[in-house]
Trainee: 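The following block contains the structure, expressed as structure tokens.
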Protein chains: 2
Amino acid sequence: MASIHDVAKEAGVSVATVSKVINHYPDVSDKTRKKVRSAIELLRYRPNAIARGLVTGRSWTVGVLINIPFTNPYVAELLEGIKTALENSGYDLMRLSARLNDESYSFIDHCESRNLDGVVIFGVERDHRIIGELIRSDIPTMFVDTDVMGNRVGNITSDNVNGVHMAVSHLYGLGHRDIAYIAGTLGHTVAERRLQGYKQGLADCSIEYRDKYLEVCDYSFEGGMVAMRKLLHLQSPPTAVVCTSDMAAMGAIHEIEAWGFSVPGDVSVVGFDNIFEAKVFKPSLTTVNQNIHNIGARSIEHLISMIENPEYSPPEIMEPASLVIRQSTGKVKVSEDQSR
Amino acid sequence: MASIHDVAKEAGVSVATVSKVINHYPDVSDKTRKKVRSAIELLRYRPNAIARGLVTGRSWTVGVLINIPFTNPYVAELLEGIKTALENSGYDLMRLSARLNDESYSFIDHCESRNLDGVVIFGVERDHRIIGELIRSDIPTMFVDTDVMGNRVGNITSDNVNGVHMAVSHLYGLGHRDIAYIAGTLGHTVAERRLQGYKQGLADCSIEYRDKYLEVCDYSFEGGMVAMRKLLHLQSPPTAVVCTSDMAAMGAIHEIEAWGFSVPGDVSVVGFDNIFEAKVFKPSLTTVNQNIHNIGARSIEHLISMIENPEYSPPEIMEPASLVIRQSTGKVKVSEDQSR
DNA sequence: CTGAAAGCGCTTACAG
DNA sequence: CTGAAAGCGCTTACAG
């Protein structure tokens with residue numbers, strides 16, 4: 001490809017002048033500008049982003065570290081939101097192949113070596129060392145679903161506490177008192193917040209929290225199945241269960257039906273996320289809606305603001321959550337033996 | 001961050017020597033090597049990938065152009081396969097924000113300006129101008145699901161013809177003679193191939209091809225619904241329908257049930273892809289299995305081979321497809337009026 | 001308004 | 001085995 005030197009020679013000016021017209025400096029005469037423009041046209045010249053980045057320190061690239069499979073519908077939708085916000089912004093997206101378990105690996109070095117202008121992080125445990133590193137660094141960063149703040153670090157998440165709280169209230173309103181919770185892997189902010197929402201929900205309904213009604217899973221379908229299995233093995237299984245994700249909820253329902261029970265006839269189930277599948281699954285899922293696409297898009301908008309304006313103070317954003325009621329929840333079944 | 005100069009000064013050698021130990025040149029004495037190593041350690045030095053790329057012409061970055069939403073489960077799984085193959089390869093992945101509809105936009109320039117070592121392309125129409133540009137360029141390229149070949153251009157796909165062919169044969173074996181096909185947007189290789197499989201399948205079963213039994217959709221759930229609606233409006237609706245994607249198949253089933261019919265009681269439906277949801281949907285989907293993860297991973301493996309070895313001849317790969325029989329297909333219903 | 005020169009952080013012949 | 005020098009393709013003071 002043609003370089004800036006070729007253009008300069010073609011136009012009969014210096015490379016400095018070419019650089020100035022490329023970068024829209026005002027102090028270039030119209031005549032010169034025209035000559036340069038047509039030379040650029042003629043040679044189909046495009047500035048080399050790499051070389052430019054080396055001297056300006058800007059790469060027009062934002063990195064993304066997502067430590068969860070892309071096949072997870074939440075991740076897919078998040079990425080789609082990120083992609084949308086990036087379109088026409090001039091920035092491209094780089095997915096970092098981070099070696100998180102390798103002690104000698106430094107995420108910061110990785111970013112700096114790539115000259116990244118900023119990064120968005122999702123799915124890294126709250127106490128992983130790279131979080132501290134990121135806070136100390138001056139790389140503009142947005143965390144999704146992890147409550148980290150810093151000089152150049154903001155975060156965005158849904159109102160997880162209230163989300164689960166609404167789910168519990170909904171079930172209470174249907175007469176349920178034995179409400180279990182299938183949590184996400186603890187150690188992540190979201191998981192903790194939702195668990196908190198569960199406990200507060202119970203408390204506000206004057207229901208005693210019972211350890212046996214708490215199971216943990218990895219947000220997946222299989223995880224939901226396994227957790228549900230344990231709950232069904234209980235002496236007195238719950239009549240309703242709130243799940244930390246729609247995938248887990250679908251897994252739980254699958255398990256319930258495998259035992260010969262029905263949803264919501266015997267057990268009511270609530271999901272979390274409101275992914276596309278929640279609508280299509282049978283029974284369709286009552287679930288907590290998160291505006292995932294929006295979370296992705298806004299994380300990028302704020303990241304770009306931070307990149308382009310050093311004074312921009314990193315935001316801490318909580319998107320509202322809402323309850324979507326469908327077919328997987330219903331009135332509690334009046335049990336034959338009124339044991340409780 | 002420390003630069004190679006800092007390391008050279010710290011170690012008391014020249015930058016050339018530091019460069020040599022970084023790049024594992026043999027002609028460095030053990031003593032010098034050690035001095036340099038500890039200086040690197042001390043200063044936590046990491047070579048700047050950008051600067052290195054400027055001189056070597058390598059960026060250790062492969063680009064991906066995916067013109068279909070990430071929320072499409074096929075795309076998500078493809079990306080996951082790509083990601084897996086990239087792990088520990090030293091390469092990072094860049095998603096290009098391509099302005100495909102902008103006449104003045106050049107994908108090649110974009111790649112060259114970013115110094116990309118290679119690209120994988122998915123979801124671009126067969127006759128889009130960038131395909132020709134790519135073939136003429138010397139950027140190593142792998143197309144997924146598009147039958148393009150070139151000097152530095154290979155492709156990978158599933159055996160689409162045979163996939164649909166198997167679906168048709170399966171339905172024929174169940175007694176179906178009125179078999180419709182919901183195709184993907186024509187103009188893409190996959191869509192054409194699968195349509196070909198449909199027609200061949202019919203021919204091999206001595207069933208006449210009828211235009212009215214062909215509908216086109218965009219692979220989505222909604223697309224499947226709309227296409228199915230048209231088929232149901234027909235004078236004599238089909239007793240079975242093969243769909244170009246699982247999402248479309250689920251949409252079709254949704255529509256069939258909305259009309260008060262049952263699957264497979266009244267209409268049998270076959271999908272394509274075998275995404276996760278196909279197993280979980282009710283009724284679970286009979287579908288053509290594609291090893292999507294594998295397609296993603298292999299596209300990268302071959303791309304890297306092409307990058308690292310200019311002699312490596314671009315592969316043209318066809319992964320086998322197989323039919324997975326589940327609950328959405330069944331014996332044809334013997335109709336009251338034996339009109340046909 | 002224009003251009004010569006230094007420099008971003010590296011690598012690569014080449015000379016010694 | 002080691003290092004001085006040129007160069008990758010740009011931008012940015014600075015002098016004129």
Trainee: Base, sugar-phosphate or nothing for Arg58(B)? Non-hydrogen atoms, less than 4.0 Å.
Mentor: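 The residue Arg58(B) makes no contact with any strand.
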
Trainee: Among Asn67(B), Thr146(B), Leu100(B), find the residue that satisfies the side-chain contact (heavy atoms from CB on, under 4.5 Å) test when tested with His128(B).
Mentor: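 Among the candidates, only Leu100(B) passes.
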
Trainee: What nucleotide, of dG9(C), dT11(D), dA5(D), holds the atom closest to the side chain of Ile22(A)?
Mentor: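 Comparing dG9(C), dT11(D), dA5(D) against the side chain of Ile22(A), the answer is dT11(D).
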
Trainee: Please tell me if Arg52(A) has a side-chain N or O lying less than 4.0 Å from either OP1 or OP2 of dT11(D).
Mentor: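 It does, given that an N or O in the side chain of Arg52(A) lies less than 4.0 Å from OP1 or OP2 of dT11(D).
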
Trainee: Measuring from the side chain of Val55(B) (C-beta onward, heavy atoms only), which nucleotide among dT2(D), dC8(D), dA4(D) has the closest atom?
Mentor: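 Out of dT2(D), dC8(D), dA4(D), the nucleotide with an atom closest to Val55(B)'s side chain is dC8(D).
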
Trainee: Return the nearest nucleotide to the side chain of Ala16(B); candidates are dC10(D), dA4(D), dT12(D).
Mentor: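 Among the listed nucleotides, the one closest to the side chain of Ala16(B) is dA4(D).
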
Trainee: Does Ser19(B) have a side-chain nitrogen or oxygen under 4.0 Å from the phosphate oxygens OP1 or OP2 of dT12(C)?
Mentor: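 Answer is no, no contact under 4.0 Å.
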
Trainee: May I ask you to evaluate whether Tyr25(B) reaches the phosphate of dC1(D), defined as a side-chain N or O under 4.0 Å from OP1 or OP2?
Mentor: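 False: Tyr25(B) side-chain N/O out of range (4.0 Å or more) of dC1(D) OP1/OP2.
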
Trainee: How many Å lie between CD1 on Ile50(A) and C1' on dG7(D), as a whole number?
Mentor: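 Rounding to the nearest Å, CD1 of Ile50(A) and C1' of dG7(D) are 17 Å apart.
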
Trainee: Please check if the number of heavy atoms outside Arg44(B) that lie under 6.0 Å from its CZ is greater than 12.
Mentor: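 It does not: Arg44(B) CZ has 12 such atoms or fewer within range.
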
Trainee: Return the nearest nucleotide to the side chain of Ala51(B); candidates are dA5(D), dG3(C), dG9(C).
Mentor: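 The answer is dG9(C), which lies nearest to the side chain.
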
Trainee: Which part of the nucleic acid, if any, lies within contact of Arg46(A), taking any heavy atom under 4.0 Å across all strands shown: a base, the sugar-phosphate backbone alone, or nothing?
Mentor: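 Touches sugar-phosphate only.
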
Trainee: Can any side-chain N or O of Asn23(B) pair as donor or acceptor with the backbone N or O of Ser19(B) at less than 3.5 Å?
Mentor: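 Yes, the answer is positive, given that a donor and an acceptor are paired below the 3.5 Å cut-off.
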
Trainee: Nearest to the side chain of Ser14(B) - dT11(D), dC10(C), dA4(D)?
Mentor: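 Per side-chain heavy atoms of Ser14(B), the pick is dA4(D).
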
Trainee: Between Phe107(B) and His110(B), what is the ring plane arrangement, given parallel below 30°, perpendicular above 60°, and tilted in between?
Mentor: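 Perpendicular, since the angle between the ring planes exceeds 60°.
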
Trainee: Within less than 4.0 Å of OP1 or OP2 of dC10(D), is there a side-chain N or O belonging to Tyr45(A)?
Mentor: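 True: Tyr45(A) side-chain N/O within range (under 4.0 Å) of dC10(D) OP1/OP2.
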
Trainee: How many Å lie between NZ on Lys9(A) and C1' on dG9(D), as a whole number?
Mentor: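 For the pair Lys9(A) NZ and dG9(D) C1', the rounded distance is 14 Å.
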
Trainee: Can you check whether Thr56(B) has a side-chain N or O nearer than 4.0 Å to OP1 or OP2 of dT11(C)?
Mentor: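 No, no such contact exists.
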
Trainee: Nearest to the side chain of Ser29(B) - dT2(D), dG9(C), dT11(D)?
Mentor: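 Within the option list, the nearest is dT2(D).
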
Trainee: It should be established whether Asn48(A) places a side-chain nitrogen or oxygen under 4.0 Å from OP1 or OP2 of nucleotide dC8(D).
Mentor: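 Answer is no, no contact under 4.0 Å.
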
Trainee: Where the side chain of Ser3(B) is defined as all heavy atoms beyond and including C-beta, which of dG3(C), dG9(C), dT2(C) is the nearest nucleotide?
Mentor: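 So the nucleotide nearest the side chain must be dG9(C).
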
